Asks: 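The structure that follows is given in the form of structure tokens.
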2 protein chains.
Amino acid sequence: MATTAKKPPMSKDSLLPLLMGHVLAHGLGQASLRPLAKAAGTSDRMLIYHFGSKEALIADLLTHIAGVYAAMLDAALAASPRPGNRAELLAGLLAQNGDPAMQPFQMLWWEIVAGSARDLPGFRAAAQAMVTKLLGWLEAQMPAGEPDPAGGARFLLTAIEGAAMLAAVGHPDTAQDGLLAGGLLQA
Amino acid sequence: MATTAKKPPMSKDSLLPLLMGHVLAHGLGQASLRPLAKAAGTSDRMLIYHFGSKEALIADLLTHIAGVYAAMLDAALAASPRPGNRAELLAGLLAQNGDPAMQPFQMLWWEIVAGSARDLPGFRAAAQAMVTKLLGWLEAQMPAGEPDPAGGARFLLTAIEGAAMLAAVGHPDTAQDGLLAGGLLQA
DNA sequence: TCGAATCTGTAGCGAATGCTACATCATCTT
DNA sequence: AAGATGATGTAGCATTCGCTACAGATTCGA
């Protein structure tokens, strides 16, 4: 009689989005099996069954997150008009990074960077995938008439990531000022 | 008879350098009381006694690390000649960041950034202190005749941190290429 | 239909976690 | 000398950790 859905068959693919939600909300550092399982509506027992180990779960989860990120960029690329110049592109990127909706993703990103720096299993690959994707997206978004789109995209990427880091440590204006002084932004 | 030193009185100040050594070697994420105590030649019991709680210990440790970092920059400032131009300064900074001896510090740095992004107690303050110190150091190191040393320092800081992040995630050349394309480095 | 393979729940294990109770020892004041 | 104060060791507690053993349940092919 009850409206409870009986059999949505559980699988990695059905679990990963729920796990991602928990990790976005609470961070990777505090991600232990029982809370993760609770967030996904299962038990730690099942997580181990499907993923084999926590280490494998985290690795799978990171690749899934990288995939979601890539899809987001693809959607953004299809939706947004090509900016007219570098400053406009950079300003848009900074605004998007600063968007509160992006904050959980940003916080997760720094945990991935830290894990990548320590070469924890799965972290380096996910971080590289996301950076590579972002770099490609940037090249595609470079304004028409750029003499060196690849180099320009790499330049912007470096600036964006530096700005994101400074924002993360509570120097929100420092990067803005620097990019203005460097002529990458217009007042 | 034995040459064992009996009473070096234990204190926060005597413990912090040893704790820092352990954290540089193994990371903050795996820093639990018993291993930390072992590295410092004590017991978890004593760490709690001196610091009150693990949370307070970590906060004290981060402040200490920020102080050590500041002292390192002061020493470097006194020792190094003023570079002749921005590209020279930037190249020197990138080389220093890439130095293998700096790698433990870099890995720790990303953990601090991640903690700061999540606003873990003590992390934001330590990160801000270090960034502020580095920014001041950069301003003092800006080549003579710079029209806007403060803005230039912020610009370089953004670039350096972006480059460091890209190196941490296994894109070691991307930032280099970008900074070349951006005219901040000379080939 | 029936056996086999695939799922899932319950219960728990051994280790590690942060922290505490209690007793002991050293030192310092009066 | 006597007591007070601070420092240290031993032992343990309650909780959480990743993971496993075991037993039902379910599903699917023969």
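By convention in this document, chain letters (A, B, ...) are assigned in the order of the sequence lines, proteins followed by strands, and residues within each chain are numbered from 1. Remember, predicted model here, so these are calculated numbers, not experimental data.
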Asks: Identify the residue among A:L61, A:I58, A:L33, A:L57 that makes a side-chain contact (heavy atoms from CB on, under 4.5 Å) with A:F51.
Replies: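 Going through the options one by one, the only one that passes is A:L57.
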Asks: Please give, in whole Å, the distance from C:dT17 C1' to B:I58 CD1?
Replies: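 One finds 13 Å between C1' of C:dT17 and CD1 of B:I58, rounded.
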Asks: With clusters defined by side-chain heavy atoms of hydrophobic residues (ILVMFWY) lying less than 4.5 Å apart, directly or transitively, does A:L62 cluster with A:M107?
Replies: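 Per the 4.5 Å side-chain linkage, A:M107 and A:L62 are not co-clustered.
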Asks: Taking for each residue the nucleotide of DNA chain D with the nearest heavy atom, is it A:L33 or B:M46 whose nucleotide lies nearer the 5' end?
Replies: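 Going by which nucleotide is closer to the 5' end, it is B:M46.
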Asks: Please determine if a side-chain N or O atom of B:H50 lies less than 4.0 Å away from the OP1 or OP2 oxygen of D:dT8.
Replies: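 Yes, within the criterion.
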Asks: Mind calculating the distance between CD1 (B:I48) and C1' (C:dC19) to the nearest angstrom?
Replies: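 Value for this atom pair: 6 Å.
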Asks: So A:M142 and A:L138, do their side chains get closer than 4.5 Å, heavy atoms only?
Replies: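 Result no, sub-4.5 Å side-chain heavy-atom pair not found.
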Asks: Nearest whole angstrom, please: distance from the P of C:dT17 to the CD of A:Q30.
Replies: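 After rounding, the gap between these two atoms is 14 Å.
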Asks: Would you say the base of D:dC17 and the side-chain of A:D44 have a donor-acceptor pair closer than 3.5 Å?
Replies: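 Looking at the base of D:dC17, it does not pair with any donor or acceptor on the side chain of A:D44 (distance under 3.5 Å).
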Asks: Does B:A31 or A:S43 map to a spot on DNA chain C nearer the 5' end, using the closest nucleotide for each?
Replies: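 That would be A:S43.
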Asks: Return the value, rounded to whole Å, for the distance between atom OH of A:Y49 and atom P of D:dA21.
Replies: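 Result: 15 Å.
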Asks: What is the distance, to the nearest angstrom, from the CG atom on A:L47 to the C1' atom on D:dT20?
Replies: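 Atom CG in A:L47 sits about 15 Å away from atom C1' in D:dT20.
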Asks: Figure out the CZ/C1' separation between A:R34 and D:dT15, and round it to whole Å.
Replies: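 Going from A:R34 (CZ) to D:dT15 (C1'), I get 10 Å.
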Asks: Once you round it to whole Å, what is the distance between C1' of D:dG18 and CD of A:E55?
Replies: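 Nearest whole value for this atom pair: 12 Å.
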Asks: OP1 or OP2 of D:dT16 versus the side-chain N and O atoms of A:S32: is any pair under 4.0 Å?
Replies: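 Checking D:dT16 against A:S32, no side-chain N or O comes under 4.0 Å of OP1 or OP2.
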Asks: What's the shortest heavy-atom distance between B:N97 and B:A164, and which atoms?
Replies: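 Heavy atoms only, the tightest pair is ND2-CB, 4.1 Å.
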Asks: Side-chain contact, heavy-atom cut-off 4.5 Å: A:E111 with B:R118?
Replies: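 A:E111 vs B:R118: side chains touch.
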Asks: I want to verify a distance call: between D:dG9, D:dC19, C:dG9, whose nearest atom is closest to the A:S53 side chain?
Replies: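 Side chain of A:S53 sits closest to D:dC19.
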Asks: What is the distance, to the nearest angstrom, from the NZ atom on B:K54 to the C1' atom on C:dT20?
Replies: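 Rounded to the whole Å, the gap is 17 Å.
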